[in-house]
Structure formats: structure tokens, C-alpha cells
4 protein chains.
Amino acid sequence: MTPSAERRRELLSTAAEVFAAQGYNATTVRRIADEAGMLAGSLYYHFDSKESIVDEILSTFLNELWAGYDEVLDAGLGPRETVEALVTESFREIDRHHAAVAIYQKESKHLSTQPRFGYLTESQGRFERAWLGTLERGVAEGVFRADLDVRLAYRFLRDTVWIAASWYRPGGQHSPEEIARQYLSMVLDGITPREEQTGRDRTPQETPRRP
Amino acid sequence: MTPSAERRRELLSTAAEVFAAQGYNATTVRRIADEAGMLAGSLYYHFDSKESIVDEILSTFLNELWAGYDEVLDAGLGPRETVEALVTESFREIDRHHAAVAIYQKESKHLSTQPRFGYLTESQGRFERAWLGTLERGVAEGVFRADLDVRLAYRFLRDTVWIAASWYRPGGQHSPEEIARQYLSMVLDGITPREEQTGRDRTPQETPRRP
Amino acid sequence: MTPSAERRRELLSTAAEVFAAQGYNATTVRRIADEAGMLAGSLYYHFDSKESIVDEILSTFLNELWAGYDEVLDAGLGPRETVEALVTESFREIDRHHAAVAIYQKESKHLSTQPRFGYLTESQGRFERAWLGTLERGVAEGVFRADLDVRLAYRFLRDTVWIAASWYRPGGQHSPEEIARQYLSMVLDGITPREEQTGRDRTPQETPRRP
Amino acid sequence: MTPSAERRRELLSTAAEVFAAQGYNATTVRRIADEAGMLAGSLYYHFDSKESIVDEILSTFLNELWAGYDEVLDAGLGPRETVEALVTESFREIDRHHAAVAIYQKESKHLSTQPRFGYLTESQGRFERAWLGTLERGVAEGVFRADLDVRLAYRFLRDTVWIAASWYRPGGQHSPEEIARQYLSMVLDGITPREEQTGRDRTPQETPRRP
DNA sequence: AATGAATGAGAGTTCATTCAT
DNA sequence: GATGAATGAACTCTCATTCAT
């Protein structure tokens with residue numbers, strides 16, 4: 001990585017942190033520059049515009065996210081295992097890119113109205129297809145409840161996972177895998193006890209962290 | 001209701017709609033005024049500032065919300081029934097004040113840093129106590145799973161419900177009670193089938209709409 | 001005086017008080033209306049504009065002022081007695097119209113640039129001629145010091161008198177005549193003792209208040 | 001002096017000129033910017049607000065003024081000489097900072113109500129103590145007339161001197177020292193001739209300009 | 001006579017952006 | 001690579017004024 005690219009990455013990381021904390025609109029480019037130890041004008045040596053900064057933050061994040069997702073989706077897992085793997089992968093992304101995820105969560109609806117951010121809408125579509133497909137397959141195979149409103153369940157799962165970015169802080173007491181397991185146990189089995197439940201064999205297994 | 005108060009309510013409703021759609025910061029008072037069919041300056045005959053508009057939107061909403069919540073919390077219900085009633089009440093509030101809820105969801109973190117919006121923080125505290133208490137009681141009584149991480153479950157339930165305001169549109173095909181029932185069935189029983197499940201008696205009953 | 005004219009006079013008095021206290025520009029017509037117990041718009045039933053309010057305040061004041069001044073100037077007094085009478089008359093005007101005087105003092109320079117307030121400039125001219133003439137006559141007659149820079153002395157006297165409006169409050173411990181006597185003693189005799197001074201016969205006599 | 005500080009000084013000087021000519025409230029920042037050859041927004045690169053501009057103008061002026069006054073007050077002069085030196089110093093300040101003095105004269109009453117301008121009130125207090133003390137000392141020592149109402153004389157001297165800023169223009173035919181001499185001769189000896197007056201020895205001497 | 005609601009011009013201020021140095 | 005100074009559009013808000021009632 002060239003030194004220039006390294007600086008760029010630093011700046012993007014700083015900007016993401018500020019955007020996540022204050023919101024895109026409420027964040028001034030001056031504030032970002034302050035945080036990076038330079039003057040507002042100097043940022044324009046590195047980036048075209050404020051917009052192109054979020055753009056790069058979000059697209060970088062989504063590229064990585066889909067690399068992980070596609071690996072899961074192409075692995076030929078069953079519906080339940082797919083759900084478990086997608087959720088776990090999501091919490092890992094929150095762990096690694098929590099600022100980008102928070103921005104994505106808060107601003108994507110607003111930003112996606114602009115052509116430049118068309119990929120947000122596109123990504124949302126892939127998202128929807130992946131989840132809906134998995135859920136429908138699970139219902140068909142009897143792995144998920146027959147009376148499930150899959151569209152509602154899709155929104156439920158989607159929101160449930162990403163909203164965690166609003167409170168999750170990396171380095172806390174729970175690893176992303178731990179949080180994923182807890183979430184999955186609630187979503188898959190519910191918060192009320194299952195009488196016949198033996199525990200171990202129904203609770204989602206820990207997915208090993210990839211190297 | 002005096003015509004003046006009626007006009008005020010109309011304007012607040014218009015403003016709430018715009019705030020919810022575009023975000024507080026991204027919304028100009030000109031836009032609100034446009035939508036209300038007047039000039040930007042004219043808004044200031046009715047309100048002190050843009051801030052006092054959101055303030056009134058949010059505090060009105062929270063007052064109504066807590067009226068409903070308190071009724072539930074004071075009813076002496078069991079933990080499971082309390083959760084059901086709170087979730088149902090929440091979806092009703094989303095139905096009635098979907099714009100206010102969306103604003104609350106998106107902006108309260110940011111706004112609550114200002115003293116004027118201290119009641120947001122306060123409300124969040126009451127919220128947390130009500131939910132945590134109910135969950136803990138449920139675990140103690142064996143109504144909820146013993147291995148539940150209640151703090152995590154609290155966040156899960158809280159966010160899961162409110163985030164629905166971001167996609168819920170009143171007058172759609174599902175009534176708030178219907179959506180609440182579906183959500184509750186996922187949260188309480190999970191999305192995987194329960195072998196011994198008799199269905200009817202474990203699925204949350206429809207809570208009758210209050211007159 | 002018709003009741004309408006009476007109300008008008010009240011409003012003008014109220015307005016003058018506020019203008020004097022806060023300055024013309026800094027005073028909002030709403031503030032005046034508040035003070036008068038009505039709404040801002042209602043003032044426009046009585047007056048054409050904010051400007052016409054000051055206009056009426058100032059022109060009324062100046063008319064009365066010049067009535068008094070002209071009486072003095074036409075009385076055929078000597079220069080010293082003329083100065084004494086003008087100063088005394090001025091302090092009486094400050095006593096009666098202290099608000100108008102304060103406005104005149106603070107705003108006339110600014111207002112007189114507008115054609116509508118041409119009479120302010122005109123009045124200032126008459127003022128200057130009256131004072132300068134009196135001073136020159138006094139110097140010629142040996143009543144005032146021969147080395148006097150009359151233009152400087154004119155400004156000195158003019159400012160010295162009117163500036164008192166900025167701190168004078170009617171009903172205080174000194175009557176206008178008393179203040180006039182003190183001022184005149186400073187201006188005419190200076191603040192250092194005159195060796196041969198017998199006091200009584202050199203201190204300006206109290207001018208009897210007109211009925 | 002750095003070029004930046006120099007620019008700042010220029011802008012302050014321009015602003016002071018406009019404030020003095022039109023009054024603080026009546027002056028728009030657009031007008032100041034015009035006069036400075038820039039756009040309104042550009043002023044905010046140099047200053048926080050319109051208020052902070054007057055603030056800097058007034059506080060800079062008062063600092064310099066009190067430097068001069070304190071030198072006089074600490075010099076151990078007699079009361080008459082102190083009055084002469086203070087008046088002379090004042091006219092020099094009017095000469096150097098005529099715009100700031102005019103602003104001080106017109107706006108300080110209004111501005112001093114704000115906490116930020118508390119130093120105006122404070123300065124007025126020091127002013128009062130300095131003048132009153134000197135006058136009282138003079139009366140006690142027999143240098144000033146025994147029948148002097150010192151509070152009245154204080155106001156008289158204070159206002160008389162500063163009001164001159166409203167008409168004084170630097171570079172006119174009279175030097176500040178010349179005007180001070182004339183003023184002092186009126187104030188100390190009065191405008192009527194003193195029979196026994198020897199002239200030279202009682203007229204205030206020209207105070208040499210400090211290097 | 002007065003109200004209530006609005007107008008519209010313009011105020012102070014913010015901020016993304018530019019560019020010569 | 002970064003600075004310092006500026007731009008210009010847009011923003012929130014103020015206020016004198018209007019007018020139907």
C-alpha cells in the first residue's frame with residue numbers, strides 16, 4: 001500500500017467515525033479535518049467532495065460485506081445454517097466496520113435517492129432476494145414455521161441485525177460471534193422456553209472465525 | 001378545539017411528515033412551509049423555532065406513548081402478557097404517530113444531547129426499566145428462558161419494535177395488531193417450528209383495540 | 001381633545017419611552033404594541049408606519065421647543081441672559097419631553113438623511129444660528145471672553161445641554177431649573193474659584209417657571 | 001505584525017468606521033463586507049460574529065484608553081493638573097480612535113446589558129471613581145469651587161468630552177491638544193471674562209504629545 | 001378599534017468548495 | 001500535501017407591514 005493510499009484510508013476511517021457519531025448532514029467537513037489534524041480545505045486534496053467521502057466509505061464496506069455474504073450463499077448450506085452464517089457474518093462486519101454500518105443504517109435511505117448511490121438500492125435488492133429466498137426455502141423444507149409471513153420475517157431479521165450497529169462498540173465484553181449466537185437463539189427459538197428443548201443440539205453452533 | 005389549535009396541529013403533522021421523510025437536519029423550514037402552503041417566515045407566527053417544532057412533535061408523542069404504557073404496566077399482568085401488551089401498544093403508536101416515531105428513532109440520540117430535550121433521555125430510562133424489569137421477572141418466573149441475556153434481549157426488543165416505523169405505512173394491508181401478533185410470535189416462539197406446539201394456545205391472542 | 005386624539009397621544013408617549021430606552025432601530029413595533037396592550041398590527045390603525053411614529057414624536061417636540069426658544073430669542077435680552085434663558089428652557093424641555101429629547105439626541109443624525117426628516121436639519125440650522133449669534137454678540141459686547149472659539153463654544157454648549165437627556169429622569173431630586181443653574185455656573189464661571197467672586201450676584205438667577 | 005493580524009486590524013478599522021457612521025444595529029455585516037471588498041460570509045473567516053467585531057473594537061479601545069488614563073492617574077499630579085491631563089488624553093484617544101469612541105458613546109448603554117460586554121460597565125465604574133475622586137480632592141484642596149455639585153460636574157465633564165467624538169474628524173484644523181486646551185479653558189474658567197485674570201498663567205499649558 | 005394570520009424582504013450565519021501560494 | 005483566505009448559496013430567523021374579519 002502506497003503511503004498516499006494509507007493516508008487516504010486513515011482519513012476515511014476518521015470521517016466514518018465522525019459521520020457515524022453525528023450523522024452525515026450534521027457533520028461538517030471542517031469537523032472531519034479537525035479530527036484529522038488538518039484544515040478543511042486540505043481534505044480536497046484527497047477527496048473530491050464530502051459526498052465522495054461517504055461514497056467511498058459505504059462502497060468499500062458493501063464490497064467487503066458482499067464478499068462475505070456471497071461466500072456464505074455459495075456454500076450450499078441449508079436454510080437454517082444459511083441464516084446462522086449470514087447473521088454471524090453480519091455481526092462480524094459490524095465489528096470490523098461498525099462506523100460504516102451505522103452510516104449505512106442511518107443514511108442509506110436518504111442517500112439512495114441520488115443516482116451516485118444507486119448501488120445502495122441495488123445492494124438492498126440483493127439483500128432482500130438472499131434473505132427472502134433463504135426464508136422461503138426454509139419454509140418449504142419445513143425448517144421454518146409454515147405460518148411465517150416471510151416478508152415480515154425478512155424485515156424483522158434485516159433490521160434486527162443492522163440496528164445493533166447503533167449500540168455495538170468493538171472491544172466490548174461480547175465477541176461478535178457471541179452476540180450472533182444470542183440473537184440467533186432468540187430469533188430461531190424465541191425467548192420462551194421450549195419444553196422438550198435439550199439445549200445444545202438446538203442452539204446454533206459457534207461459527208469459527210475465518211483467519 | 002379552537003381553530004388556532006387545530007391549525008397548529010395541522011402544521012405539526014405536516015412538519016412531522018417532512019422530518020420523518022428527510023431527517024431533521026436535512027429538512028428546511030422552507031420545505032415545511034411549502035408543504036403547509038405558506039412562506040417560511042409565517043411558520044414563526046406559530047412556533048418559536050425549528051427546534052421547538054420537533055420538540056412539540058416528540059413531547060406530544062411521548063406523552064401519549066407513556067399514557068398507554070403506564071396503563072399496561074399498572075394493569076398487574078404477567079411478564080409474557082406485559083410484553084405482548086407493550087409490543088401491541090407500540091405498534092398502535094407507530095400506527096397513530098408513525099412520523100413522530102420515525103423522528104424519535106432517527107434523531108433522539110442526536111437531540112438528547114441538548115438540555116431542552118432532556119426528557120428524551122429520561123424517557124429512555126423509564127423505557128429501559130420497564131422492559132428490563134419485565135424480562136427479569138419473566139426469567140425468574142420461568143416464563144422466559146433461563147439462559148436469556150436480558151440486556152441483549154431488551155435492546156433486541158426495543159429496536160426491533162421501533163425500527164418498524166421506518167417501513168410501516170398506516171393504512172397498509174396489516175393492522176398494527178396483526179403486525180404485533182406476527183412480531184410477538186417470532187420473538188416469543190422463534191421462527192423455527194416447535195414440535196409439540198399446539199399453536200392456538202401459545203400464540204399471543206389479539207389484544208382488543210381500546211375504544 | 002377627541003378620545004381618538006387622546007389615545008393617539010398615549011400611544012406616542014408609550015412609543016417615545018420605548019424608543020428612548022432601546023433606540024429606534026432596536027425597538028420593534030411589536031414591543032411598542034405590547035407596552036400599549038395591543039397587537040403589533042393594531043398600531044397600524046393609528047399610524048402609517050414606524051417611521052411616522054418617530055416623525056410625530058420628534059416634530060411635536062421640536063414645535064414646542066421652538067415656541068419656547070423663539071419667546072426667549074424675541075425677548076430682547078442681553079447675550080448672557082439669553083444663554084441663561086435658552087439653557088433653562090432646554091432643561092425644562094428635557095424635563096417635559098425627556099424621551100423625545102433622548103430620541104432626538106441619539107437618532108437625529110441618522111434620521112435626518114431622509115427627506116421626510118428634513119426639518120431636523122433645518123432645526124439644527126436655526127439652533128446653530130441662534131447660539132452662534134448670541135455668542136458672537138456676547139464676545140462683541142465683552143460679556144464673553146474675547147479669546148473664545150465661538151464655533152467650539154457653540155458645540156460645547158449644545159452638546160452639554162442635550163446630553164443631559166441621557167441620564168436625566170423627571171421627578172428626581174433636582175428640578176430642571178436647579179440643574180440649569182448648576183450647568184450655567186460651570187459654563188459661565190468655570191469650575192475653579194474666582195478670587196473676587198461674591199457668589200450671589202454672579203450666579204445665574206433662578207428663572208421663574210412659567211405657568 | 002503578521003499579515004493575518006494586519007488584515008484583521010484593517011477589517012476592524014473598516015467595521016468601526018461603518019458602525020460609527022450608521023450605528024451598530026443599522027449596520028449590516030453585508031455593508032461591512034462590501035466596504036472591505038469581500039462577501040458577507042467571508043467576514044466569518046476572521047470573526048465569530050458581528051457582536052465579536054464590536055467587542056474587539058471596544059475592548060481594544062478601552063485597553064488603550066486605560067493605559068493612558070492609568071499613566072495620568074499614577075503620576076501624582078494635583079487635581080487641576082489631573083483634570084487637564086485626563087481631558088487632553090481623552091481628546092488624543094478621540095483623535096486616534098474616533099470611530100471606536102463614537103461607538104462607545106452611542107452603543108455602550110445598550111450593549112452593556114449583555115454579559116459579554118460587562119467590561120463596559122466595569123470601565124464606567126473606574127471612570128466614575130477616577131473623575132469623582134479627582135473632583136472631590138480638588139474641592140477639598142480649594143482648587144475647585146466649594147459649591148460644586150461633584151456628581152453633576154462629573155457627568156458634565158464626562159459627557160462633554162466624549163460627545164465631541166460625534167463631530168470630531170481627525171486631520172481637521174485643530175489638533176486634539178488644541179481642542180483640549182479650549183475645552184479646559186471653558187470648563188475651568190468659564191466663558192465669561194475673569195476681571196483679574198492674567199491669562200497665561202491660568203490657562204492650561206499645552207501638554208506635550210508623547211512620542 | 002383591534003385581532004390573527006400571513007407576507008416578503010432582508011438580516012446574521014453556516015458551510016462545502018475553490019485556489020493561489 | 002497543506003494553508004489561508006475567500007466564495008456563494010442556502011439556511012434559520014426577524015420584523016415592518018397588510019388585510020380579512
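Residue numbers start from 1 in every chain, and the chains themselves are labelled A, B, ... in the order their sequence lines are given, proteins ahead of strands.
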Output for pair (A/Ser123 OG, A/Phe117 CZ), nearest 0.5 Å, gives 13.5 Å
Practice item. Give me the ring orientation class for C/Trp162 and C/Phe61: parallel if the planes are under 30° apart, tilted from 30 to 60°, perpendicular past 60°. Key: perpendicular
From CD1 of A/Ile32 across to C1' of E/dA16 the rounded distance in Å is 11 Å
I'd like to know if the side chain of C/Lys109 reaches the main chain of D/Ser166, judged simply by a donor and an acceptor atom lying under 3.5 Å from each other, with no hydrogens or angles considered. yes
Residues passing the side-chain hydrogen bond (donor to acceptor under 3.5 Å, both in side chains) test with D/Arg116, sequence neighbours excluded, are D/Glu51, D/Asp55
Separation of F/dA10 atom P from B/Arg31 atom CZ, nearest Å, is 15 Å
- Message: Tell me whether C/Lys50 contacts the main-chain N or O of C/Thr27 through its side chain, where contact means a donor paired with an acceptor under 3.5 Å.
- Response: yes
note: C/Leu39, atom CG; E/dA5, atom P; distance rounded to Å ~ 10 Å
One should read off an interatomic distance between D/Met38 CE and D/Ile32 CD1, to the nearest 0.5 angstrom, of 11.5 Å
Regarding the side chain of D/Thr28, the nearest nucleotide among E/dA5, E/dA2, E/dG12 is E/dG12
ask   = Heavy atoms under 4.0 Å, any strand shown: does B/Thr27 hit a base, just sugar-phosphate, or nothing?
value = sugar-phosphate
| query | Checking all strands, does B/Val29 fall into the base, sugar-phosphate, or nothing category for heavy-atom contacts under 4.0 angstrom? | reply | sugar-phosphate
From CG of A/Asp34 across to P of E/dA16 the rounded distance in Å is 12 Å
Separation between OH (C/Tyr104) and CD (C/Glu93), nearest 0.5 Å, reads 12.0 Å
Residues 10-19 of chain A vs side chain to side chain donor-acceptor pair (under 3.5 Å), sequence neighbours excluded, gives A/Arg7-A/Glu10, A/Glu17-A/His98
Backbone N/O of A/His46 and side chain of A/Arg8: donor-acceptor pair under 3.5 Å = yes
Looking only at F/dA2, F/dA6, E/dT17, the nucleotide nearest the A/Lys50 side chain is E/dT17
Rounded to whole Å, CD of C/Glu51 lies from P of F/dC15 at a distance of 17 Å
- Task: Could you verify whether a donor N or O on one side chain and an acceptor N or O on the other, from D/Glu64 and D/His97, lie under 3.5 Å apart?
- Result: yes
query: Hey, is the main chain of C/Gln105 close enough, under 3.5 Å, to the side chain of C/Ser108 for a donor-acceptor pair?
result: no
From CG of A/Asn25 across to P of F/dC11 the rounded distance in Å is 11 Å
Between CZ of B/Arg8 and P of E/dG4 the distance, given in whole Å, is 14 Å
Contact check, residues 40-48 of chain B vs DNA chain F, heavy-atom distance under 4.0 Å, returns B/Gly41, B/Tyr44
Here the salt bridge (charged side-chain N to carboxylate O under 4.0 Å, His left out) pairs for residues 33-48 of chain C, sequence neighbours left out, are C/Arg31-C/Glu35
For D/Arg7, report the nucleic acid contact type (base, sugar-phosphate, nothing); a contact means any heavy atom under 4.0 Å.
-> sugar-phosphate
Within residues 16-23 of chain A, those residues having any heavy atom closer than 4.0 Å to DNA chain F are none
When rounded to whole Å, the CZ to P distance for the pair C/Arg30 and E/dA2 reads 18 Å
Stems with DNA chain F, 3 or more Watson-Crick or G-U pairs in a row (under 3.5 Å), are E:2-21 with F:2-21
